[in-house]
Each structure stands twice: as C-alpha cells, then as structure tokens.
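Every number for a ligand or one of its atoms is a count from 1 in the order of the listing.
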Amino acid sequence: MRKPMVAGNWKMNKTVKEAAALVSELLPSLKSVPSVERVICPPYPCLMQLSTLLEGSDVGLGAQNLFWEASGAYTGEVSPAMVKEFCQYVILGHSERRAYFGETDETVNKKVKAALEIGLTPIVCVGETLAENEANRTAEVVTRQVAEGLKGLSQEQAAKIVVAYEPVWAIGTGKAASGPQANDVLAKYIRPTVKDMYGEAIAQGMRILYGGSVKGSNAAEFFGQPDIDGALVGGASLKAPDFMDIVKAAAA
Ligand code: PEP
C-alpha cells in the first residue's frame with residue numbers, strides 16, 4: 001500500500017508573517033487527516049519559523065530547491081544541509097526551474113543525489129510542455145526525465161523517491177489533465193521506467209503524484225485513479241480551505 005501524499009508548493013508566495021498565519025490556520029485541520037502524508041513547501045525564508053510551528057505535528061516541511069554542493073562560493077544558493085536543518089522534503093526539477101533557471105536532467109540528478117545523501121525525501125517533478133504534448137512526445141520526454149533524473153541511485157535511495165507528474169500545460173493554467181489521461185502517463189511510462197531501472201518492488205512502492213491545476217472540485221478524479229498516489233498543488237495550496245479540500249479528498 002502506498003500512503004497518499006498531498007504537498008503544497010507555495011512557489012514565490014507568502015512573507016514569513018503571511019506564511020505563519022496560513023500555517024496557523026491550516027494546522028488544526030491538517031492534523032485531523034493523518035492517513036495522508038501532508039507536506040508544505042514554502043519559500044526558503046519561511047522555513048525556520050514554519051519548522052517551529054510544525055514541531056510536534058506530523059505535517060512535513062519541504063524546500064522548493066537546493067544546490068548540490070555542501071558549501072562554498074555559490075552566491076545565492078542553499079546547501080542540502082541548510083535545507084535539512086528545517087525540512088524533511090525537497091521539490092526538485094520543477095518545470096519552472098527547468099524553464100526559467102536552466103535546470104537540466106543532469107543538474108536535477110545531482111540535486112536528487114545530494115538530497116538523498118543528506119536524508120531528505122526528494123519530490124522529483126517531470127512533465128512535458130504543451131508543444132511536446134502536441135507533438136506526441138510525452139512518452140519520450142517523461143521517460144527521459146525519469147531515467148536521467150533518477151539514475152545512479154542505490155535501491156535504498158530509489159525507494160525514498162517521490163515523483164510528481166506535472167504536465168507543464170496544466171500548471172497554473174486551470175486546464176488540468178483528466179484523471180485517466182494523467183494515470184496513463186504514470187502507468188505506461190513512469191512506473192515502467194522505474195521498474196526497468198530499479199525493479200518491480202521499487203516501482204510498485206514508489207509514490208507518484210499528479211500536479212497541474214488540482215483543486216477541491218477535481219481532486220477526487222485524480223485520487224480515484226489506480227496509479228496516482230496524491231497531488232503536488234500550487235495555486236490551491238495558498239488558501240487553507242482550498243488546500244484542505246484536496247487533503248480530505250486524498251483521505252477519502
Ligand atoms: C505546481 O506548481 O507544482 C502546480 C501544480 O501548480 P498549480 O497547482 O497552480 O497548477
């Protein structure tokens with residue numbers, strides 16, 4: 001059995017004060033849904049305060065990125081140990097980082113390895129663009145991103161990975177994939193690629209989330225699919241009632 005997960009990617013939203021207010025509002029409701037692994041991924045400056053607010057709860061905290069080097073002259077970057085001080089999770093390879101900040105399958109792979117080595121759970125994002133989708137390149141792109149992003153791990157490390165399938169055309173657009181359409185990508189390309197790399201047990205045990213315009217009104221359609229184990233949520237994670245609707249749908 002794969003435990004469902006719902007992770008909120010706050011992206012570049014919320015000051016520390018706003019973040020603390022949102023978590024204070026969310027926490028009582030979040031605590032009441034222990035059957036779902038719940039994770040909040042705010043901007044870096046919020047991590048310290050939110051880790052204090054979440055202490056003693058089983059709600060996880062994640063960063064939205066990290067750099068693979070341990071320390072040194074890398075102005076503006078944040079090391080794995082700095083993230084690990086406050087977090088249990090880290091989102092890696094989000095399509096916005098691939099599109100705006102030059103992340104490649106190779107750099108995603110370095111970050112995945114660095115995150116695992118320090119003891120963080122990586123949530124590794126993959127997904128095709130609209131142009132790639134329209135050119136029928138979804139299988140090729142997603143398979144490559146999984147194969148390159150997750151290569152060179154031990155069995156033990158691979159077992160800790162969470163993958164998020166996020167078609168780029170569905171992120172922040174209000175145009176979600178359909179449940180069966182998303183499930184197809186997981187069942188036909190992502191899980192089989194993991195199986196080829198790390199075997200059946202790891203492929204079947206791996207949580208694979210869907211992300212892209214998930215909201216309360218469509219969440220159940222995704223969570224009802226056999227291969228979809230939860231959601232990575234952007235816009236709808238910024239308001240407590242909206243996020244809770246999704247978390248509750250994952251528990252149902
Ligand atoms: C995301 O950025 O990971 C995401 C899924 O965004 P949204 O839910 O807003 O489409």
> With a 4.5 Å limit on heavy-atom distance, are the side chains of E69 and E77 in contact?
Replying inline: no
>> Please check whether T173 reaches ligand 1 - meaning an N/O of the residue sits under 3.5 Å from an N/O of the ligand, judged on distance alone.
In response: no
> Within a reach of under 6.0 Å around NZ of K195, are more than 12 heavy atoms found that belong to other residues, nucleotides or ligands?
Replying inline: no
>> Heavy atoms only, cut-off 4.0 Å: how does I171 contact ligand 1, side chain, backbone, both, or neither?
In response: both
>> Do C41 and W10 make a side-chain contact, defined as non-hydrogen atoms from C-beta onward lying under 4.5 Å apart?
In response: no
> Quick one: does G211 get an N or O within less than 3.5 Å of an N or O on ligand 1?
Replying inline: no
>> If the cut-off is 4.0 Å to any non-hydrogen atom of L232, which atoms of ligand 1 fall inside it?
In response: 3 (O), 5 (C)
> Nearest protein heavy atom to atom 9 (O) of ligand 1, by residue and atom, and its distance?
Replying inline: G235 N, 2.8 Å
> Can you name the nearest heavy-atom pair linking Y44 to N65, along with the distance?
Replying inline: OH-O, 2.6 Å
> Of all the non-hydrogen atoms in the protein, which one sits nearest to atom 1 (C) of ligand 1, and at what distance?
Replying inline: H94 NE2, 3.2 Å
> Does A236, backbone or side chain, put an N or O under 3.5 Å from an N or O of ligand 1?
Replying inline: no
> Below 4.0 Å from any atom of ligand 1, is there a heavy atom belonging to C125?
Replying inline: no
>> The test is salt bridge (charged side-chain N to carboxylate O under 4.0 Å, His left out); show your working for K11 and E96 and say whether it passes.
In response: CA-CA 9 Å; K11 312 194 188 195; E96 287 151 17; 2.8 Å; yes
>> I'd like the name of whichever of A164, G234, G212, A231 reaches closest to atom 8 (O) of ligand 1 through any heavy atom.
In response: G234
>> I'd like to check N183 versus F222 (side-chain heavy atoms, cut-off strictly below 4.5 Å). Are they in contact?
In response: no
> With only distance considered, is G172 within less than 3.5 Å of ligand 1 through an N or O on each side?
Replying inline: yes
>> Looking at ligand 1, is there an atom of it that comes within less than 4.0 Å of some heavy atom belonging to K215?
In response: no
> Heavy atoms, side chains only, cut-off 4.5 Å: are W68 and S79 in contact?
Replying inline: no
>> Within a 6.0 Å radius of atom CD on E106, are there more than 12 heavy atoms belonging to other residues, nucleotides or ligands?
In response: no
